[in-house]
Amino acid sequence: MSVFDVAVIGAGAAGMMCAAVAGQRGKRVVLLDHAEKLAEKIRISGGGRCNFTNRVVKAEHFISANPHFCKSALAGFTPQDFIDLVDRHGIAWHEKHKGQLFCDQSSEQIIDLLRNECVDAGVQWMMPCAVSEVKRTDSPHTQEFVLQTDQGIVKCHSLVIATGGLAIPQLGATDFGLKLAREFGLKIIEPRPALVPLTFNGEQWRPLVDLAGLALQAVVSTGSGRHAPAFMEDVLFTHKGLSGPGILQISSYWQPGEPIALDLAPDSDMEALLIEAKAGGRQQLGNLLGNFWPKRLSEQWLGELATSRIADLPDRTLRELAARIKGWSVVPNGTLGYKKAEVMRGGVDTRELDQRTMQAKAVPGLYFIGEVVDVTGWLGGYNFQWAWASGVACGRGLV
Ligand SMILES: Cc1cc2nc3c(=O)[nH]c(=O)nc-3n(C[C@H](O)[C@H](O)[C@H](O)COP(=O)(O)OP(=O)(O)OC[C@H]3O[C@@H](n4cnc5c(N)ncnc54)[C@H](O)[C@@H]3O)c2cc1C
């Protein structure tokens, strides 16, 4: 039997961060993970270069049933704090699109950083190690968790659950954290795939199948009202539907049955352009749209109209066409699911947790951090920043 102050289940982004910080405080910490290989999700992240944070991180970059919950942890450990850590470890990095920060070389460097921080803080490892049961002793004076593992019994004073979300089950994602939360009576916000390609009914999509592989910039939105989210990003046509950063972003907000709307010419006033072009003589509609779109798209979109002279078309036709280009509304029939999702939306209801420490209010000593918690970031380094920040908040705050 092994006895520790803290056991962290899940040696991923949040778990390693938390273990290192708790170890630096002098806690005896053990990290348990069932995987053979350390931190596979970090390894494959950001196309192998790990988009480890974003220059600007605010609560509005996260989706949660309790949108203010993440603020305290995010303020306690900022993107600059992680950049400082990356710099201390001599990892070269660069900024890409919209404040996204990536390693110059490889995401393995971030795994090494976290592993070294844990080793330096005296953290012990049990990996691979499966946990089959978790019990909490019920004495009012002593708080203790007893874990049954395939390497024997582990006892700890504080238990941190950092087992991540359900995305990419082929890399060892499990519902361990969600199940455990339920066992301890905590509420769960229904989980579903997020940052995931959207699919369409086969019949509906058939006319667009030939566009597979084509990408263009669009504004993608869903829902209605003042706070309806909209993203200006690339959209990619696929054999089954739509993907690309713009679609991944909106997928996290999309509700089944709802349409999504795409502005396929976001930088232009299409209606004014078409009406003005009428005065321009012999220009064909296909040629005009070819100034904005790949030829394949304008031909497919316009069909027979592509060879029509704009001057010969009634204003109404041009207005309708412009409205369709600026607000193409389509109803996805689903997503490609957890196998292709980058993250899980939903998770442990944050109203059950203390925002400063991530401790379950009703279960002293039990903590949830990272993606298993109902805080889901946009694409762009936000999910790792949440993993680091929630891990640090817990590592600093746990007793
Ligand atoms: C393809 C892909 C690319 C991504 N790219 C980025 C990116 O560039 N930037 C970004 O911000 N986010 C990215 N993400 C999201 C990011 O990887 C996650 O949000 C982040 O890793 C969550 O951290 P976590 O510590 O909560 O969970 P994880 O990092 O997933 O760690 C969970 C750990 O728990 C272990 N575990 C699970 N179940 C059990 C169990 N039953 N017993 C023991 N151990 C268990 C797992 O083996 C794993 O090691 C990407 C995700 C994917 C899938």
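Every number for a ligand or one of its atoms is a count from 1 in the order of the listing.
The cationic group of Arg192 does not satisfy the cation-pi geometry with Trp254, failing either the under 6.0 Å distance to the six-membered ring centre or the 45° limit from the ring axis.
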- Task: Walk me through it: do Asp87 and Trp93 pass the test side chain to side chain donor-acceptor pair (under 3.5 Å)?
- Result: CA-CA 9 Å; Asp87 288 342; Trp93 53 272; 2.9 Å; yes
Can you produce the list of protein nitrogen or oxygen atoms under 3.5 Å from a nitrogen or oxygen of ligand 1, alongside each distance?
{"residue": "ligand 1", "atom": "5 (N)", "partner": "Gly46", "partner atom": "N", "Å": "3.3"}
{"residue": "ligand 1", "atom": "8 (O)", "partner": "Gly46", "partner atom": "N", "Å": "3.1"}
{"residue": "ligand 1", "atom": "8 (O)", "partner": "Asn51", "partner atom": "N", "Å": "3.2"}
{"residue": "ligand 1", "atom": "9 (N)", "partner": "Asn51", "partner atom": "O", "Å": "2.9"}
{"residue": "ligand 1", "atom": "11 (O)", "partner": "Asn383", "partner atom": "N", "Å": "3.4"}
{"residue": "ligand 1", "atom": "11 (O)", "partner": "Phe384", "partner atom": "N", "Å": "2.8"}
{"residue": "ligand 1", "atom": "19 (O)", "partner": "Glu371", "partner atom": "OE1", "Å": "2.7"}
{"residue": "ligand 1", "atom": "25 (O)", "partner": "Ala13", "partner atom": "N", "Å": "3.1"}
{"residue": "ligand 1", "atom": "25 (O)", "partner": "Ala14", "partner atom": "N", "Å": "2.8"}
{"residue": "ligand 1", "atom": "26 (O)", "partner": "Glu371", "partner atom": "N", "Å": "2.8"}
{"residue": "ligand 1", "atom": "29 (O)", "partner": "Ala13", "partner atom": "N", "Å": "3.3"}
{"residue": "ligand 1", "atom": "38 (N)", "partner": "Thr174", "partner atom": "OG1", "Å": "2.7"}
{"residue": "ligand 1", "atom": "41 (N)", "partner": "Thr174", "partner atom": "OG1", "Å": "3.2"}
{"residue": "ligand 1", "atom": "44 (N)", "partner": "His34", "partner atom": "N", "Å": "3.3"}
{"residue": "ligand 1", "atom": "47 (O)", "partner": "Asp33", "partner atom": "OD1", "Å": "2.8"}
{"residue": "ligand 1", "atom": "47 (O)", "partner": "Asp33", "partner atom": "OD2", "Å": "3.4"}
{"residue": "ligand 1", "atom": "49 (O)", "partner": "Asp33", "partner atom": "OD2", "Å": "2.6"}

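The hydrophobic cluster containing Leu236, built from Ile/Leu/Val/Met/Phe/Trp/Tyr side-chain heavy atoms closer than 4.5 Å, comprises no other residue. Through direct or relayed side-chain contacts under 4.5 Å between Ile, Leu, Val, Met, Phe, Trp and Tyr, Leu379 connects to Leu195, Leu248, Val343.
With respect to the salt-bridge test (charged N to carboxylate O, under 4.0 angstrom), the residues Glu352 and Lys361 do not qualify.
Among residue pairs with one or both ends in residues 285-301, those qualifying as salt bridge (charged side-chain N to carboxylate O under 4.0 Å, His left out) are Lys295-Glu299; sequence neighbours excluded.
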